[in-house]
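Everything below concerns the one structure shown next.
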Amino acid sequence: VQRALVDRARAGDRDAFALLASGAVDRMYAIARLILRDTELAEDATQEALVRAWRDLPNLRDPDAFDAWIRRLLVRSCADIGRRQRRWRTEITLLPAEPVQSDGASNLADRDQLERGLRRLSDRQRTMLVLHFYVGLTPTEAADALEIPVGTAKSRLHYAIEALRAALEADERGTVAPLQEGRLA
Amino acid sequence: MITQSDLERRLTAHYAAEAPRQAPDWLLGSTLDIVAVSHQRRRLVARPWRLPVPRRSGRAGLAAALLVAVALIGTSLGSFLKGPIEESGAPPLTGSFTSPLFGVDMSYPAGWVTRPATVAWTKKDMPTFDDPFFDVIYDGTRANPDHLFIGLASQPLGDEDAINWTSRMVSEPGCFPVETTQVDDAPGWVSASCQIAAVSVDGRGYVFLGYVSGDEPALSEAYNLAWFEQVLATVRLDPEGATSLLPPAGGEMLTPGTYTLGDGYGKPVTFEVPVGWVACSNLPVEPAVCMRGNPNESGVTFQVVVNVVAEPCGEELRDPPVGPSVDDLVSAISELRGFEATPPVDVTISGYRGKQFELTAPSDATCPLRTWANSGRINGVGGGEVNLLRVIDVAGTRLMIAGAIHSEADRLRVEPLMDSIRIGP
């Protein structure tokens with residue numbers, strides 16, 4: 001069904017694209033929220049990616065690759081917006097408090113600690129973690145979404161986890177050490 | 001010590017709990033509003049579909065069409081243009097600015113400084129503060145003038161349709177969502193987050209930017225969207241008063257109006273093109289306009305002449321080359337063997353001085369005739385061809401304007417175009 005919709009949308013059928021977009025928008029917004037950690041920026045990134053998808057859809061060669069393709073557009077939009085945000089604003093807006101579902105595996109303190117750790121990662125590291133631990137992409141699939149070599153994706157994932165662990169351990173010790181993304185051999 | 005598996009479990013659970021289950025309701029509708037009026041980019045399409053661009057009197061129709069299209073989708077528009085305009089605390093809009101190139105009159109905050117564009121805007125990207133093709137109005141008292149300014153520019157839509165052009169201009173990263181708007185009745189889009197408006201009228205696109213740097217958060221309170229809308233409300237568009245960059249030869253009739261040359265002539269050079277002319281040179285160093293259908297390609301060329309041929313029947317250039325002054329060039333051209341030259345007389349264009357004379361090629365030549373050379377080619381003339389020559393010193397650049405004519409009828413069309421030439425600012 002999706003392939004047929006993609007074919008129709010590629011041919012300019014806006015109704016077909018609306019169906020595709022309605023099926024993707026929630027997931028895209030969730031990914032953007034986790035990467036950008038800001039509600040409004042996530043809305044911008046999602047909208048921008050969907051509009052780009054509509055405009056560039058005729059150039060998508062393989063209709064079956066629609067999901068991966070639109071994920072690439074979303075990641076690109078998040079990166080663009082993240083860059084612009086750094087240029088235009090001195091502070092990133094913090095996530096507003098929103099009700100979240102109760103999760104037996106993590107209490108409020110645990111979430112706060114993770115949240116502090118994640119905020120200290122770079123945009124690229126956060127994106128990598130979201131793609132792997134939330135979206136469930138393998139490093140190879142994440143490399144495709146990020147348009148980077150597989151080796152780079154693997155090292156970025158490794159370093160992001162290490163950086164988060166270091167941030168959490170520093171948090172537990174009550175110290176905050178500066179974190180920079182390093183270069184792995 | 002936090003083990004890797006423990007951390008990964010915590011992270012997975014954290015994301016699962018924190019990720020929003022649903023996008024805001026308006027997000028999909030707003031996105032589809034934009035899709036409803038956006039065209040897809042297709043490769044291998046020779047000529048994109050064009051939305052007819054209405055004349056000035058029809059602008060409201062296009063604006064209405066846009067709004068109807070949005071309304072038919074059945075979704076509500078965002079609210080950021082709906083609120084009342086509040087007192088912004090910014091200086092009153094008592095300054096008055098007329099864009100020399102872009103066909104715009106507008107008001108600006110008292111005490112601000114204007115820096116008009118000096119060259120036509122031909123690029124596809126949104127201009128920035130330092131671009132010479134951006135009219136910039138800024139607060140000159142600020143340490144960083146590029147932290148708070150109004151910018152504006154315009155260009156012909158060319159083959160791009162009005163909706164594509166205007167939506168592309170506001171499609172900067174971080175500028176969504178966008179909203180339909182009108183500036184001086186011309187329809188288009190505005191981005192509240194970026195304070196960019198893009199509209200079009202009579203085949204011309206206009207962008208307006210109310211830039212407030214995020215590095216000075218206090219500014220954004222006074223110079224907010226309401227302030228930007230107040231500025232836009234003062235805008236008056238005059239597409240016929242705008243200047244277009246002379247294109248390379250393309251065969252299509254030039255739209256009558258004011259044209260300017262690209263860089264390389266010391267100062268901006270503008271002139272009026274009436275009905276019936278085409279661009280007839282593909283050499284960037286020798287832009288030219290010709291009468292359409294004229295068998296002899298009578299017309300006007302602009303160039304910086306670097307030397308003159310030693311002998312009109314050959315292509316050898318003078319050695320040593322002709323000297324650097326206006327008089328040096330006039331003398332060398334007047335001395336071309338077999339040509340007749342009138343005595344040079346003083347001429348002034350926009351305050352820049354030079355010489356004017358006529359050069360007539362021999363009508364009984366037995367060889368192809370060559371005359372002068374610019375950095376791109378050696379010029380040739382036909383037997384009996386007359387060139388109305390104006391050699392002007394433009395702040396150290398020796399600009400030669402040559403009007404080639406083959407009849408008195410040609411002269412009646414070429415001379416007014418040459419007389420319309422303006423240089424600077």
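Here is how names work: the chains are called A, B, and so on, in the same order as the sequence lines, proteins then strands, and each is numbered from 1.
- The part of A:Thr46 that comes within reach of chain B is its side chain, from C-beta onward, which places non-hydrogen atoms under 4.5 angstrom from that chain.
- Here B:Trp227 and B:Tyr223 bring their ring centres to under 6.0 angstrom of each other.
- Take B:Trp165 and apply the side chain to side chain donor-acceptor pair (under 3.5 Å) test, not counting sequence neighbours, and it matches B:Gln155.
- With sequence neighbours left out, the side chain to side chain donor-acceptor pair (under 3.5 Å) criterion links B:Arg115 to no other residue.
- With chain A as the partner, the residue from B:Ile34, B:Leu11, B:Thr12 showing the most heavy-atom pairs under 4.5 Å is B:Leu11.
- Heavy atoms of A:Leu118 lying under 4.5 Å from chain B belong exclusively to its side chain.
- If you measure heavy-atom distances from B:Ser167 to chain A, the contacts under 4.5 Å come from both the backbone and the side chain.
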For the pair B:Glu160 and B:Arg168, evaluate salt bridge (Lys or Arg N to Asp or Glu O under 4.0 Å) and give the outcome as yes or no after the intermediate values.
CA-CA 10 Å; B:Glu160 194 165 3; B:Arg168 182 164 57 77; 2.7 Å; yes
